[in-house]
Number of protein chains: 2
Amino acid sequence: MSGGVEWALHCCVALTVARSPASAARLAEMHDVSASYLAKQLQSLARAGLAHAVQGHAGGYVLTRDPALITVLDVVEAVDGARPAFTCTEVRQRGPIAAAPERCLSPCSIHAAMTAADEAWRAALRGVSIADLARDVTDKTGPGTLQRIADWLG
Amino acid sequence: MSGGVEWALHCCVALTVARSPASAARLAEMHDVSASYLAKQLQSLARAGLAHAVQGHAGGYVLTRDPALITVLDVVEAVDGARPAFTCTEVRQRGPIAAAPERCLSPCSIHAAMTAADEAWRAALRGVSIADLARDVTDKTGPGTLQRIADWLG
DNA sequence: TCAACTCGGACAACTTTTGTCCGGAACCTC
DNA sequence: GAGGTTCCGGACAAAAGTTGTCCGAGTTGA
């Protein structure tokens with residue numbers, strides 16, 4: 001998985017407490033990561049409709065909807081793409097004892113197992129929202145952490 | 001995920017019905033894939049203790065234990081490695097408003113969510129054995145498929 | 001003893017991913 | 001309206017991981 005996913009998720013949590021648009025440069029400085037690369041991840045969030053980009057002076061990014069309605073899976077798919085990790089190449093239809101195409105209408109057992117596992121992974125990520133992440137931060141470290149982020153973003 | 005995982009799983013299913021050691025070259029020919037590259041995947045299986053490599057004339061690979069005791073996860077981890085897809089870089093401890101290390105004893109919420117999803121994925125793959133895959137093949141396409149594989153391997 | 005066949009690991013070529021950079025357009029402040 | 005700030009998109013370079021190939025070491029069977 002792309003490392004940019006982690007950055008994007010941290011940014012989403014920060015955006016939940018931001019009172020004004022937060023620019024990519026400022027978010028990058030706060031997390032001490034590459035500004036150019038983080039910008040690309042934020043663009044992906046905007047393209048996916050999770051964040052809205054306001055241009056011009058004092059511009060930046062704002063979440064488009066309530067953090068409780070944005071799942072971790074949404075962010076992961078926006079940044080990393082939505083295609084499953086496993087792709088079946090239909091090995092059974094190749095070679096000297098290849099299976100006939102009419103017998104391969106349903107996915108093979110390996111494909112099915114991989115798809116099921118992938119769906120379990122997605123379901124787990126779909127069950128956690130950005131609001132859940134933010135609440136977990138306050139539960140573990142107190143309200144000061146998110147407060148400092150909000151203050152620093154200005 | 002590496003495409004070699006798919007090949008390795010197909011080979012494991014084939015080895016279930018093989019009556020004698022099956023060489024990498026023969027398995028590669030059957031599946032119509034690169035022999036040199038498939039050999040590498042089979043080596044991984046041997047290194048992980050899933051298959052035993054018999055050298056010399058008429059040598060090849062044999063499963064070390066009952067197919068019902070080899071899970072799909074075993075094969076995936078053997079070929080692709082066992083490390084989780086997500087790695088936490090402790091972003092919260094970096095930058096101008098970094099959290100104090102003593103407050104970061106437990107994994108952050110993002111890390112926890114990713115770990116849970118990864119575990120769900122692993123659990124799904126752990127619940128399917130090579131024997132399950134083979135049984136599914138016969139259930140869907142009849143006993144002829146595995147029979148042809150066994151005959152072709154000789 | 002010999003020859004043939006096998007695995008095993010080291011060695012390149014390629015593709016994908018990751019990361020950087022710059023010009024253009026939009027916007028706010030003055 | 002001028003200037004500065006910001007996002008957007010694409011072009012570009014670097015790194016990683018993959019796919020694929022080769023040859024040597026060891027083993028087996030005749």
Side-chain angles (χ1 to χ4, degrees), chain A residues 1-8 11 15 18 20-64 76 78-87 89 91 153-154, chain B residues 1-8 11 15 18 20-29 31-64 76 78-87 89 153-154:
Chain A
M1 176 181 322
S2 164
V5 171
E6 187 185 8
W7 301 1
C11 286
L15 287 178
S20 55
S23 74
R26 195 140 185 83
L27 287 169
E29 186 186 357
M30 183 175 80
H31 292 120
D32 188 28
V33 297
S34 158
S36 333
Y37 192 43
L38 179 63
K40 183 170 292 197
Q41 321 298 347
L42 293 174
Q43 281 174 30
S44 300
L45 293 183
R47 218 173 301 146
L50 302 178
H52 177 62
V54 316
Q55 287 199 338
H57 198 100
Y61 290 92
V62 186
L63 294 181
T64 51
V76 170
V79 174
D80 243 24
R83 72 187 151 188
F86 178 86
T87 52
T89 60
V91 171
L153 287 176
Chain B
M1 177 179 322
S2 164
V5 171
E6 188 186 7
W7 300 3
C11 285
L15 287 176
S20 55
S23 75
R26 196 141 184 83
L27 286 169
E29 187 186 356
H31 293 122
D32 189 27
V33 297
S34 159
S36 334
Y37 189 43
L38 178 63
K40 179 171 295 196
Q41 322 298 347
L42 295 173
Q43 281 173 33
S44 299
L45 294 183
R47 218 173 301 144
L50 302 178
H52 176 62
V54 180
Q55 284 202 338
H57 201 100
Y61 290 92
V62 186
L63 295 181
T64 52
V76 170
V79 174
D80 245 23
R83 70 185 155 187
F86 179 86
T87 54
T89 60
L153 287 176

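So that the names make sense, note that chain A is the first sequence line, chain B the second, and so on, each numbered from 1.
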NA contact type, [X], heavy-atom cut-off 4.0 Å: base, sugar-phosphate, or nothing?
X: B/Ser36; result: base
X: B/Gly3; result: sugar-phosphate
X: B/Arg26; result: nothing

Separation of atom [atom1] in [X] from atom [atom2] in [N], rounded to whole Å:
X: A/Gln41; N: D/dC8; atom1: CD; atom2: P; value: 13 Å
X: B/Leu38; N: C/dG8; atom1: CG; atom2: P; value: 13 Å
X: A/Gln43; N: D/dT6; atom1: CD; atom2: C1'; value: 12 Å
X: B/Asp80; N: D/dT19; atom1: CG; atom2: C1'; value: 13 Å
X: B/Leu42; N: C/dC7; atom1: CG; atom2: P; value: 8 Å
X: B/Leu153; N: C/dT6; atom1: CG; atom2: P; value: 13 Å
X: A/Leu27; N: D/dT5; atom1: CG; atom2: C1'; value: 16 Å
X: A/Leu45; N: D/dG9; atom1: CG; atom2: P; value: 13 Å

Out of [options], which has the shortest distance to the side chain of [X]?
X: A/Ala53; options: C/dC28, D/dC7, C/dG8; result: D/dC7
X: B/Ala46; options: C/dT17, C/dG8, D/dG20; result: C/dG8
X: B/Ala24; options: D/dC8, C/dG8, C/dC7; result: C/dC7
X: A/Ser2; options: C/dT18, C/dC7, D/dG4; result: C/dT18

Quiz item: Mapping A/Trp7 and A/Ala58 onto DNA chain C by nearest heavy atom, which one lands closer to the 5' end?
Solution: A/Trp7
Quiz item: Between B/Gly59 and A/Gln55, which has a closest nucleotide on DNA chain C that is more 5'?
Solution: B/Gly59
Quiz item: Under the 3.5 Å rule, do the base of C/dG9 and the side chain of B/Lys40 count as making a donor-acceptor pair?
Solution: no
Self-check item: Polar side-chain atom of B/Asp80 near backbone of B/Met1 as donor-acceptor pair, under 3.5 Å
Solution: no
How many angstroms lie between [atom1] in [X] and [atom2] in [Y], if you round to the nearest 0.5 Å?
X: A/Cys11; Y: A/Gln41; atom1: SG; atom2: CD; result: 9.0 Å
X: B/Ser20; Y: B/Leu153; atom1: OG; atom2: CG; result: 7.5 Å
X: B/Arg47; Y: B/Leu45; atom1: CZ; atom2: CG; result: 10.0 Å
X: B/Thr64; Y: B/Leu50; atom1: OG1; atom2: CG; result: 6.0 Å

Quiz item: Hey, is the side chain of B/Tyr37 poking within less than 4.0 Å of OP1 or OP2 on C/dA13, counting only N and O atoms?
Solution: no
Quiz item: Can you tell me if the side-chain N/O atoms of B/Arg47 get under 4.0 Å from OP1 or OP2 in C/dG8?
Solution: no
